[in-house]
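Note that these values count all heavy atoms, side chains included, but never hydrogens, waters or copies made by symmetry. Below, chains carry the letters A, B, ... as their sequence lines are ordered, and counting in each starts from 1.
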Amino acid sequence: MPIKAPRGTYDILPPDSRKWQAMEQSLKRVAHIYGYEEIRTPVFEHTELFERGVGEGTDIVSKEMYTFFDKSGRSLTLRPEMTASCARALIEHSAHTGLLPLKWFYCGPMFRYDRPQSGRYRQFHQFGAEVFGSSSPLVDAEVLMMVVRMLQSIGLTEYLLHINSVGCPSCRDSYRQELLDFINPIVNDLCPDCRQRSRANPLRVLDCKESRCHEAIKGHPRLLDHLCSGCARHYQRVRDTLTRQGICFEHDDRLVRGLDYYTNTAFEIHIPGIGAQSAVGGGGRYNGLVKAIEGPDLPGIGFALGLERLLLALEKQDSALPGKRDLEVFVAVMEAEYEDEAVTILQQLRDAGIVADKDYLERKARAQLKYADKSGAALVLFVGADEVKQGFVTVRNMINKEQTAILRTGLIPAITRLLHHNEEAQAQ
RNA sequence: GUGGGUGUAGCUCAGUUGGUUAGAGUACCAGAUUGUGGCUCUGGGGGUCGUGGGUUCAAAUCCCAUCACCCACCCCA
């Protein structure tokens, strides 16, 4: 039995890899326009970083981490997300002693041990960004605006942006207590899962899909009504700014992020119609995180987009077709003795920045033409006895079948001109 | 971790109540066309029928186990 990619992982081959490149390029460009610069960190970290930075109580830490011991017995973990790594890097390099706020973006693979399904893999890819050093609600709004712009930049216009505020530790704790006081008397009316949730994370009970639970918790206290004045003002400013800038969003009382370090603004972006895993992105503010891992008391906010899910959404609305290989010129050799001449010409073309290739399987002219055609070549250059002896090449335009002789001395300008003509013709 | 569905050529799939050498389309290669692509025709290579075990004279087909994929729960990207 041949070896296959491990469960929940997969390969990205051409032509699919083109879609990934195009998508990543668009996202990076938007991040750049918003003033973000790239950070790259190791794909594995000390396990402790995630335990403390993501939170012991989260599903990620309690059951989804790829943790292993290296040869000297260190406990390491493949990163399940990148916010903790960014915070660690910030602290390690004292990056906050420079210009603030710090605005970083990242793009790369993340790892979570979970049962694969549509839109969910064990190795998956995120594009995300983090801002450290400002607690301004305008930064929250900017992040959201950038996320929306990113979706637009890759051609996704149908999305739902849900936002909520989870407050600060003090208002969240008082709310949590009030919610518990509300739930405890009716706990027996809840489904078994919710009885469990009410102990571990009571906020999750509000999110249950069981109708009996919906019924039982009617009239529950709302987090929004229990925010302290600072948190309430912050959240109001975020919403006002988004409204003023024409960003559609929906306040979602039940949006509770699973990661412990979130404070104030929390959000998720959903795209309907891509299956159960419809969240293509999520994030929020985490003012307590950096300090929690022994760094300075720096506020932060960030988000991540799931690239697999974005692609899924793009395919559902059948945009972004893969397309042929974008070969510009194919050099066809008529007799084996002129191979060297062809290699020279090929090199000249490539030196001039032209996407060019030749045959390497000793194919006959006919087969070379077929190959050129299937590779999407716009022009084919013939190199044979007449051409070499008289110092020219025959150029066939694959689109209109016109064929001309071009002197070797003026080859590059002539080819460039022909390619340009073809492009213009195709654009019309 | 729990539940349901599916595993036959690179890809999409057929394969009758168990019956001899497992097929088609497509893709790839070659020839028709000896220096010229798309269309057409002809031919070719390519399968341990997911894997292991069992039943049987005989298994792609029936039974068991296992693995993988797909979908959903949980949770999230």
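If you measure from atom NZ of A:K63 to atom C1' of B:G1, you get 7 Å, rounded to the nearest angstrom. Atom-to-atom, CG of A:D11 to P of B:A68 comes out at 16 Å; the value is rounded to the nearest Å. A straight line from CG of A:D114 to P of B:C75 spans 11 Å, rounded to a whole angstrom.
A donor-acceptor contact under 3.5 angstrom links the side-chain atoms of A:E387 to the base of B:G35. The base of B:U36 has none of its N or O atoms less than 3.5 Å from a complementary donor or acceptor on the side chain of A:Q368.
Closest to the A:A276 side chain, of the nucleotides B:C73, B:U36, B:C70, is B:C73. When distances run from any side-chain atom of A:Q277 to the nucleotides B:C75, B:A77, B:U36, the shortest one goes to B:C75. Listed nucleotides: B:G35, B:C76, B:A68. Nearest to the side chain of A:K4: B:A68.
The stretch residues 265-275 of chain A touches RNA chain B through A:G275, each having a heavy atom under 4.0 angstrom from the strand. For the segment residues 117-128 of chain A, residues with any heavy atom less than 4.0 angstrom from an atom of RNA chain B are, sorted by number, A:Q117, A:S118, A:G119, A:R120, A:Y121, A:F124, A:Q126.
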Secondary structure string for RNA chain B (Watson-Crick or G-U under 3.5 angstrom, | for other-strand pairs) | (((((((..((((.....[...)))).(((((.......))))).....(((((..]....))))))))))))....

Table please: side-chain donor-acceptor pairs of residues 138-155 of chain A below 3.5 Å, with sequence neighbours left out.
{"from": "A:D140", "atom 1": "OD1", "to": "A:R285", "atom 2": "NE", "distance (Å)": "3.0"}
{"from": "A:D140", "atom 1": "OD1", "to": "A:R285", "atom 2": "NH2", "distance (Å)": "2.7"}
{"from": "A:D140", "atom 1": "OD2", "to": "A:H234", "atom 2": "NE2", "distance (Å)": "2.8"}
{"from": "A:D140", "atom 1": "OD2", "to": "A:T265", "atom 2": "OG1", "distance (Å)": "2.6"}
{"from": "A:D140", "atom 1": "OD2", "to": "A:R285", "atom 2": "NE", "distance (Å)": "3.2"}
{"from": "A:E142", "atom 1": "OE2", "to": "A:Y36", "atom 2": "OH", "distance (Å)": "3.3"}
{"from": "A:E142", "atom 1": "OE2", "to": "A:K103", "atom 2": "NZ", "distance (Å)": "3.0"}
{"from": "A:R149", "atom 1": "NH1", "to": "A:Q152", "atom 2": "OE1", "distance (Å)": "2.6"}
{"from": "A:S153", "atom 1": "OG", "to": "A:M150", "atom 2": "O", "distance (Å)": "2.8"}

For residues 8-15 of chain A, please give each side-chain donor-acceptor pair under 3.5 Å, one per line with the distance, not counting sequence neighbours.
{"from": "A:T9", "atom 1": "OG1", "to": "A:P6", "atom 2": "O", "distance (Å)": "2.6"}
{"from": "A:Y10", "atom 1": "OH", "to": "A:E308", "atom 2": "OE2", "distance (Å)": "2.5"}

Going by atom type alone, with no hydrogens or angles, which donor-acceptor pairs under 3.5 Å involve a side-chain atom of residues 20-28 of chain A and a protein atom two or more places apart or on another chain?
{"from": "A:S26", "atom 1": "OG", "to": "A:A22", "atom 2": "O", "distance (Å)": "3.1"}

What's the verdict on salt bridge (Lys or Arg N to Asp or Glu O under 4.0 Å) for A:D357 and A:R350, showing C-alpha distance, side-chain angles and the deciding distance?
-> CA-CA 9 Å; A:D357 213 341; A:R350 289 169 170 171; 3.4 Å; yes

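Counting any heavy atom pair closer than 4.0 Å across all strands shown, A:E308 reaches no nucleic acid atom. Using a 4.0 Å heavy-atom distance criterion, A:A385 is classed as a base contact. Residue contacts for A:A372: at a heavy-atom cut-off of 4.0 Å it reaches no nucleic acid atom on any strand shown. Contact annotation for A:G8: backbone-only contact, meaning every heavy-atom pair under 4.0 Å involves sugar-phosphate atoms and none involves a base.
Rounded to a whole angstrom, the distance from the P atom of B:G5 to that of B:U66 is 16 Å. Look at the P atom in both B:U20 and B:G10: the space between them is 23 Å, to the nearest Å. B:U8 sits 10 Å from B:U51 when the P atoms are compared, rounded to a whole Å. Comparing the P positions of B:C63 and B:U55 gives a spacing of 15 Å, expressed to the nearest Å. B:G43 and B:U6: their C1' atoms are spaced 36 Å apart (whole Å). B:G7 and B:G44 have their P atoms separated by 30 Å, given to the nearest Å. Remark: the separation of the C1' atoms in B:G46 and B:U2 is 41 Å, to the nearest Å. When the P atom is compared between B:C11 and B:G50, the two are found 13 Å apart, to the nearest whole Å.
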With B for base contact, S for sugar-phosphate-only contact and - for none (protein heavy atoms under 4.0 Å), nucleotides 25-31 of chain B reads ---SSSS

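Between A:D359 and A:K370, no side-chain nitrogen of the basic residue sits less than 4.0 Å from a carboxylate oxygen of the acidic one, so the salt-bridge criterion is not met. In summary, A:E45 and A:R79 do not engage in a salt bridge, as defined by a charged side-chain N under 4.0 Å from a carboxylate O. Taking a cutoff of 4.0 Å between a charged side-chain nitrogen and a carboxylate oxygen, A:K19 and A:D16 qualify as a salt bridge.
Using a 30° and 60° split on the angle between ring planes, A:F127 and A:F105 fall in the parallel class, below 30°.
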Atom pairs, protein N/O to nucleotides 6-9 of chain B N/O, distance under 3.5 Å:
none

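Counting heavy atoms from C-beta on, the side chains of A:Y106 and A:C86 come closer than 4.5 Å. Contact annotation: the side chain of A:F50 approaches that of A:S85 to within less than 4.5 Å [non-hydrogen atoms, C-beta and beyond].
Side-chain contact of A:R396 with A:Q403: a donor-acceptor pair under 3.5 Å is present, judged by distance alone. Between A:S62 and A:E56, the side chains place no donor N or O within less than 3.5 Å of an acceptor N or O (distance only, hydrogens not considered). Side chains of A:H270 and A:E268: a donor on one and an acceptor on the other come within 3.5 Å.
The side-chain contact (heavy atoms from CB on, under 4.5 Å) search around A:Y113 returns A:Y66, A:R122, not counting sequence neighbours. Annotation: salt bridge (charged side-chain N to carboxylate O under 4.0 Å, His left out) contacts of A:R408 (sequence neighbours excluded): A:E341. Partners of A:I186 under the side-chain contact (heavy atoms from CB on, under 4.5 Å) rule, at least two apart in sequence or in another chain, are A:F182, A:D189, A:A216, A:I217.
Comparing A:G282 and A:P6 by the nucleotide of RNA chain B that holds the closest heavy atom to each, the one mapping nearer the 5' end is A:P6.
Looking only at distances, a side-chain donor or acceptor of A:N164 sits under 3.5 Å from a matching main-chain atom of A:D252.
Applying the side-chain hydrogen bond (donor to acceptor under 3.5 Å, both in side chains) rule to pairs touching residues 379-392 of chain A yields A:E387-A:T394, sequence neighbours excluded.
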